[in-house]
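Here the structure comes first, spelled out in structure tokens, and everything after it is commentary.
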Amino acid sequence: MDEIKSEIYDILKGAIRAAIESGELPIPDVPEIPFSPTKTPEHGDIATPVALGLAKSAKMAPRSIAEIIVKHVDCDKCPHIRDLEIAGPGFINVYLSNEWLDDILRTIVDAQDAYGSGEIGIGKRVQIEFVSANPTGPLNIVSGRAAAVGDTLVNLLNAVGYEAIREYYVNDAGGQVERLGESIDVRYRQALGEKNLKIPEGGYQGEYLQEFAQTIAAKEGDAYLKLSQEERVELFRDKGVAYLLGQQKVSLERFGVNFDVWTSEKAIRDSRKPDQIIEMFREKDYLYEAEGATWFRMTDFGDDKDCVVIRTNGEYTYFVPDAAYHHDKFDRGFDKVIDLLGPDHQGHVTRLKNFVKALGLADDWLEVDIIQQVNLVDSDGNRRDMSKRQGQFLTLDSLIDELADAVGERFAVDVARYFFLMRANNTHLDFNLELAVTQANENPVFYIQYAHARCCSIFQQGREQQIKIKPIDEVSFALLTEAHEHELIRKLAEFPAIVLSSAEEREAHRIPHYLHELAGIFHPYYNQHRVLDASNMERTYARLILIQSVQTVLANGLKLLGISAPESM
RNA sequence: GCGCCUAUAGCUCAAUUGGAUAGAGCAACGGACUUCUAAUCCGUAGGUUGCAGGUUCGACUCCUGCUAGGCGUGCCA
């Protein structure tokens with residue numbers, strides 16, 4: 001496929017050059033030639049608007065430019081071109097010979113699991129940091145969305161050759177975990193019968209801490225009351241972080257996301273890195289003292305406000321360990337670092353990028369994407385953010401529990417991942433719970449999975465009828481004459497380009513859309529045409545190769561999304 | 001006030017990153033199981049792409065100004 005594309009590119013380039021040399025096309029140089037697969041077969045297989053782009057500089061009508069270019073195309077040189085056509089305002093439509101379709105099926109059958117992968121990123125190391133929720137409670141659904149997106153982006157980057165890893169930054173230091181320790185202390189003492197205690201300002205009210213504190217009380221009794229409050233808060237802080245982080249890991253594993261590296265903020269703070277960063281900033285004169293605190297000259301980097309890096313109490317604000325953390329990422333040798341942050345962190349994107357700049361790192365080394373918020377809605381679009389089950393803000397676990405009640409544990413994670421992945425990252429996601437829990441035809445996840453299961457089912461039937469797939473060289477694809485068959489093959493051919501653009505643009509949602517479109521061609525085909533047909537075995541063999549290719553692409557695509565490809569449903 | 005994100009069919013979203021007649025699913029209506037799985041298919045209907053300008057051969061896409069919603073905004077992370 002790619003070879004044919006570059007062949008056609010060269011032919012068109014040659015034609016334009018010949019037209020310039022003959023003086024018919026008054027432009028200085030051969031331009032970039034954009035071309036893409038067409039939306040509809042009526043426009044051929046590949047089309048280019050290059051003549052439209054040249055209209056201005058050549059001061060000619062686009063259609064006549066296209067005519068001149070086509071006149072100079074040497075069709076004998078490229079057996080893959082069946083026909084050339086000028087259409088609409090001046091598009092050049094290329095019709096490929098049927099060999100092209102054969103080539104695609106051959107490529108897929110040869111490559112199998114590897115079909116769709118690429119090499120553009122070979123030799124480059126990428127780190128994606130995502131979820132990174134505070135270890136002060138269970139993961140919420142936005143974290144779930146980030147987990148699905150980050151996990152898939154890593155899959156995509158690895159598929160196109162990068163060496164990408166998943167990393168989780170554990171915010172186990174600072175004021176929030178202090179509040180956590182204090183909150184657990186209150187719950188612990190309440191569990192022992194103490195009255196008139198209140199969760200401190202900024203503390204955590206959730207039931208999960210009551211349960212945790214009750215477990216401690218049941219196990220250790222009042223042993224900890226002998227400690228000073230300060231000692232107790234510190235102890236509970238550490239116990240709480242360990243417990244809640246453990247819970248988060250369990251949730252993530254259930255969701256099919258496994259991080260390669262967990263980095264502790266506390267460890268970063270305890271290292272010498274933050275001091276070194278401050279030292280470096282001081283040397284570069286990025287810092288000044290005011291109002292008892294130390295400030296960073298953020299305005300020098302174009303922001304409208306400076307910001308505090310050392311508080312009046314002498315502690316670093318989170319910026320310092322954060323800058324140190326990113327410097328540490330650089331030291332670990334990543335060519336590119338991507339942070340996926342939650343919607344409440346958007347104010348920090350510019351500051352973070354500025355700190356990275358202040359560290360002397362390249363502008364495009366750090367990429368920050370915001371994973372926007374998730375609303376749960378019903379089919380009428382009404383918001384439903386509360387969990388029925390727990391009567392509280394929905395957590396990732398309770399979402400999967402609800403889905404599991406409806407579609408079974410087997411598909412609950414598949415459905416959740418699909419719904420999180422089907423929208424662009426920077427849009428607010430309306431998660432239609434009603435649609436997600438329908439096990440019926442409307443659910444797009446099942447639509448795709450069912451297509452895969454149907455492919456498998458054909459092979460199962462074939463085995464029962466003693467029909468085996470023939471080696472590809474003994475099959476004649478000329479028998480695939482149905483319009484649906486050509487449409488399917490054209491769609492299969494798009495897959496590698498979709499994977500590539502999806503990885504490079506960080507737009508994971510293109511994969512679910514593509515798979516849905518592919519299934520949307522397969523199902524009608526399946527309904528109208530029989531694959532296994534004893535009265536026409538030669539065509540059966542050709543169709544089996546086609547079905548095998550469809551199955552391969554569906555399976556490869558679902559794997560990128562971390563969604564199962566069931567053999568039966 | 002300032003900054004970021006968003007606005008496309010009744011609802012939820014696409015649109016190969018500036019290309020041809022803006023496409024899907026859901027919801028609505030009417031049909032198809034003696035067939036490799038009906039979790040499927042076929043058909044009907046649904047649009048001034050928030051508004052107003054501009055750039056371009058060509059704009060959902062880029063620029064300017066409005067309107068509406070979400071989020072953020074110097075010592076939490």
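Note that this is a predicted model, so its numbers are computed, not measured. Each chain gets a letter, A, B and so on, in the order its sequence line appears, and its residues count up from 1.
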Could you work out, with side-chain contact (heavy atoms from CB on, under 4.5 Å) as the rule, every residue matching [X], not counting sequence neighbours?
X	value
A:E234	A:R237
A:F296	A:F281, A:Y286, A:L287, A:M298, A:F301, A:C307, A:V309, A:F355, A:A358
A:E464	A:Q460, A:Q461
A:T540	A:I467, A:L532, A:D533, A:M537, A:L544

Run through RNA chain B and report every stem of 3 or more consecutive Watson-Crick or G-U pairs, distances under 3.5 Å, ordered by first number.
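RNA chain B forms these stems: B:1-7 with B:67-73, B:10-13 with B:23-26, B:28-32 with B:40-44, B:50-54 with B:62-66.
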Does B:rC41 have OP1 or OP2 under 4.0 Å away from a side-chain N or O of A:Y447?
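Indeed, a polar side-chain atom of A:Y447 lies that close.
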Any A:H345 side-chain nitrogen or oxygen under 4.0 Å from OP1 or OP2 of B:rC76:
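Checking A:H345 against B:rC76: no side-chain N or O falls below 4.0 Å of OP1 or OP2.
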Counting the atoms with a prime plus P, OP1 and OP2 as sugar-phosphate, which does A:A47 contact under 4.0 Å by heavy atoms, base, sugar-phosphate, or nothing?
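A:A47: base contact, heavy atoms under 4.0 Å.
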Determine the sole option in A:L479, A:V475, A:V531 for which the side chain to side chain contact (heavy atoms under 4.5 Å, CB included) test with A:R543 is passed.
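Only one of A:L479, A:V475, A:V531 forms a side chain to side chain contact (heavy atoms under 4.5 Å, CB included) with A:R543, namely A:V531.
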I'd like to check the side-chain hydrogen bond (donor to acceptor under 3.5 Å, both in side chains) partners of [X]; sequence neighbours left out, ordered by chain and number.
X	value
A:N527	none
A:S143	A:N140
A:T317	none
A:D270	none

Whole-Å C1' distance, B:rU16 and B:rU12:
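Roughly 22 Å separates the two C1' atoms.
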Contacts under 3.5 Å, N or O only, protein and nucleotides 5-9 of chain B:
from: B:rC5; atom 1: O2'; to: A:N426; atom 2: O; distance (Å): 2.7
from: B:rU6; atom 1: OP1; to: A:N426; atom 2: ND2; distance (Å): 3.1

Please produce a list of atom pairs where a protein N or O lies less than 3.5 Å from an N or O of nucleotides 60-62 of chain B.
none

Which pairs pass side-chain hydrogen bond (donor to acceptor under 3.5 Å, both in side chains) with one or both residues in residues 290-299 of chain A, sequence neighbours excluded?
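For residues 290-299 of chain A, and leaving out neighbouring residues, the side-chain hydrogen bond (donor to acceptor under 3.5 Å, both in side chains) pairs sorted by first residue read A:E289-A:T294, A:T299-A:D306.
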